[in-house]
Amino acid sequence: MDNYQNSFVSKTEIGIYSFAGGAQCLAYNLITSYMMYFYVNVFNVDLRIVSAMLMFEGIWDLFNNPLAGIIVDRTRTKYGKMLPYLRNGALPLALLTVLLFCGPFIITDASPTAPLKVLFMFLTYFLWETCYTLVDVSYWGLSAAISPSPSDRANISKNVSVAMNVFAAIPGVAVPLLLDYTSDDNSPFSTKTAFLSIGILSAVLTGVFMIIASYKVKERVLQSEEKPSFKESLSEFFKNPLLRVLVLSNLTRFIEGIGWSVATYYYIDVLGYASLSILVAIPAAISWGFSYSFLNKLRQCLQKKQIMLLAYLSIGIVWFTVFFVGTVFYSSPFVMIPAIMAAQLFNGLMGTPASVVYNEMMAEATDYTEWKTGKRNEGLSFSMKIVTQKMSGTLSQSVSSVLLSAIGYKTNNSSVRSLQQNKVQKGIFNIFSLPIAISYLLAAVPFFFYNLDKTTHERMLMDLAERRETNNNQS
């Protein structure tokens, strides 16, 4: 009856699963952080068309992600319901990731409104987005089905977070260095070659680790034989109070994505060097190394809900401070770089524990559905998490491009860099810093209504363990 307290997952399996998540995060971080810049400044597509495309893809995500979750939840195979999609989707995803960056090599028309260029951009991004969704929903759904043990899930969440932080840092270091390097007229490499190279790297790592994970990782939480209907799957979202809180909080993080989408423009067009983004990230990397020990300390005195509130509220206050400093010194690297470094230090210390705890809470929400209905919905639950994250990565880029156009941002057909006016530079800073601050403060609010206390959680786990034991004995 108490087997939920046991450990089921080996260190090797945790490592493989974590590396797969890290590699996928590398590709996702590359595309969500730099794709808008690539389309506008390298592929030379009109900013308004890029905005329209990203808006379309964001709207498609609203349907694509829940649909993928329902498809996964209705899947029944001898390997499980998530693993087949990792196994069969990894290679197409890798190929599509490379294809995203092939546009400037295939279509050489310089016009920013060339029909073939626009069609290529829309089609390849749509196919990549659809394929990525199915793989991503399956990967994250597996985190709740890999073990019934909360201690296993906490360990897995921590290791996945480590891998994701390491892999996600690769494009954050490589792309700015390559942008600065290729901006030199004497550079032997072009900017389009630089992007294609990092795209190939991310595609290979994602494909290889996802395929390995699909064969080495197991689904241990058994699913009901009866498949949930589409109506049942959708209704569970509205009936699950825990999931509603988590999704609503994550939804507000869309605003944060607006700021990070403009970060590259701020470092290049206001402060002068893309590689400054590497410098400001160093404190986050340092504090991130201590954040897991800090999380253990937080667990001793705070519940998950309280950890999330502390993390989000404090990060929001820190970024508001950066914004107010920048109202005067936005163009001064000697002032703004230390200010942003301080904020990033705090991001690493508090943001990492928050991401670990958030994933644990998502698994709790899935258990809650099983507790109340007898059926698990990992696919739909995590698809709702992912759709809000991808809104941050896709719709936020669309909004960012609209805002850049509104403040008068100009591009140059012959160069990836253009000199911007002072008022445009200040506008870029505002779009970069203010959304991040607002987002974290808003994201904290729903957690005031997260009502799964420790006693109820323990009772839920014991009931589920007893129910599963009974079902195993009967089968």
Side-chain angles (χ1 to χ4, degrees), residues 22 25-26 28-30 32-34 161-177 179-180 253 255-268 270-295 298 307-308 310-327 329-356 358 389 392-393 396 400 428-441 443-444:
C25 185
L26 190 165
Y28 183 75
N29 198 47
L30 170 66
T32 57
S33 298
Y34 298 104
S161 177
V162 171
M164 290 178 67
N165 276 290
V166 171
F167 278 84
I170 294 175
V173 173
V175 174
L177 288 175
L179 285 175
D180 283 343
R253 298 287 299 278
I255 303 172
E256 177 194 9
I258 297 173
W260 293 121
S261 295
V262 178
T264 300
Y265 290 91
Y266 178 62
Y267 294 122
I268 291 177
V270 181
L271 299 185
Y273 296 95
S275 52
L276 287 175
S277 64
I278 302 172
L279 179 62
V280 300
I282 292 174
I286 295 172
S287 61
W288 163 71
F290 296 100
S291 64
Y292 297 103
S293 297
F294 184 55
L295 174 58
L298 291 175
I307 293 174
M308 297 302 295
L310 174 63
Y312 283 176
L313 289 173
S314 58
I315 293 173
I317 291 170
V318 168
W319 274 97
F320 258 115
T321 304
V322 172
F323 167 72
F324 285 120
V325 171
T327 56
F329 300 103
Y330 66 91
S331 62
S332 171
F334 299 104
V335 175
M336 295 314 304
I337 292 302
I340 296 172
M341 289 177 76
Q344 290 285 57
L345 180 75
F346 206 79
N347 264 35
L349 186 64
M350 298 301 299
T352 300
S355 67
V356 171
Y358 186 94
Q389 288 179 331
S392 178
S396 60
S400 300
I428 291 173
F429 170 76
N430 291 338
I431 300 170
F432 161 58
S433 59
L434 189 56
I436 299 175
I438 293 172
S439 173
Y440 275 102
L441 294 181

Inset, instruction - Begin with the C-alpha distance, continue with both residues' side-chain angles, and end with the deciding distance and a verdict on side-chain contact (heavy atoms from CB on, under 4.5 Å) for F346 and S287. - result: CA-CA 7 Å; F346 206 79; S287 61; over 6 Å; no
Inset, instruction - Might you work through the side-chain contact (heavy atoms from CB on, under 4.5 Å) test for F429 and M336, ending with a clear yes or no? - result: CA-CA 10 Å; F429 170 76; M336 295 314 304; 3.6 Å; yes
Inset, instruction - Show the numbers, then the answer: is there a side chain to side chain donor-acceptor pair (under 3.5 Å) between N347 and W288? - result: CA-CA 8 Å; N347 264 35; W288 163 71; over 6 Å; no
Inset, instruction - Test V175 against I170 for side-chain contact (heavy atoms from CB on, under 4.5 Å), laying out the working first. - result: CA-CA 8 Å; V175 174; I170 294 175; over 6 Å; no
Legend entry - Residue pair I268, Y273: steps toward the side-chain contact (heavy atoms from CB on, under 4.5 Å) verdict: CA-CA 5 Å; I268 291 177; Y273 296 95; over 6 Å; no
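Between I337 and L279, some side-chain heavy-atom pair lies under the 4.5 Å cut-off. Residues P171 and L26 form a side-chain contact, since some pair of their non-hydrogen atoms from C-beta on lies under 4.5 Å apart. A 4.5 Å side-chain heavy-atom check between I282 and L345 finds every atom pair outside the cut-off. Counting heavy atoms from C-beta on, the side chains of L441 and F320 come closer than 4.5 Å. Between V270 and Y330 there is a side-chain heavy-atom pair separated by less than 4.5 Å. A heavy-atom distance below 4.5 Å is not found between the side chains of P176 and Y267. In this structure, W319 and V322 have side chains that are in contact, with non-hydrogen atoms separated by less than 4.5 Å.
One finds the CH2 atom of W260 at 12.5 Å from the OG atom of S400 (value rounded to the nearest 0.5 Å). Atom CD1 of residue I340 and atom OG of residue S433 lie 8.0 Å apart, to the nearest 0.5 angstrom. In this structure, N29 CG and Y34 OH are separated by 7.5 Å, a value rounded to the nearest 0.5 Å. Distance check: I436 CD1 to I255 CD1 gives 12.0 Å after rounding to the nearest 0.5 Å. To the nearest 0.5 angstrom, N430 atom CG is 8.5 Å from T327 atom OG1. Rounding to the nearest 0.5 Å gives a distance of 9.5 Å between CE of M350 and CG of L295.
Side chains of S161 and Y292: a donor on one and an acceptor on the other come within 3.5 Å.
In plain terms, the two heavy atoms of V280 and M341 that are nearest each other are CA-CG, 3.6 Å. Smallest separation of non-hydrogen atoms from F167 and G22: CB-O, 2.8 Å. The minimum heavy-atom distance linking P353 with G348 is given by the pair CD-O, 4.2 Å. For P333 against S331, the heavy-atom pair with the smallest separation is CD-O, 3.2 Å.
In this structure Y440 satisfies the side-chain hydrogen bond (donor to acceptor under 3.5 Å, both in side chains) test together with R253, E256, sequence neighbours excluded.
A donor-acceptor pair under 3.5 Å links the side-chain atoms of S314 to the main chain of A311, judged by distance alone. No side-chain donor-acceptor contact under 3.5 Å links S33 to the backbone of L30.
Using bins of under 30°, 30° to 60° and over 60° for the plane-to-plane angle, the ring pair Y266/F432 lands in the parallel bin.
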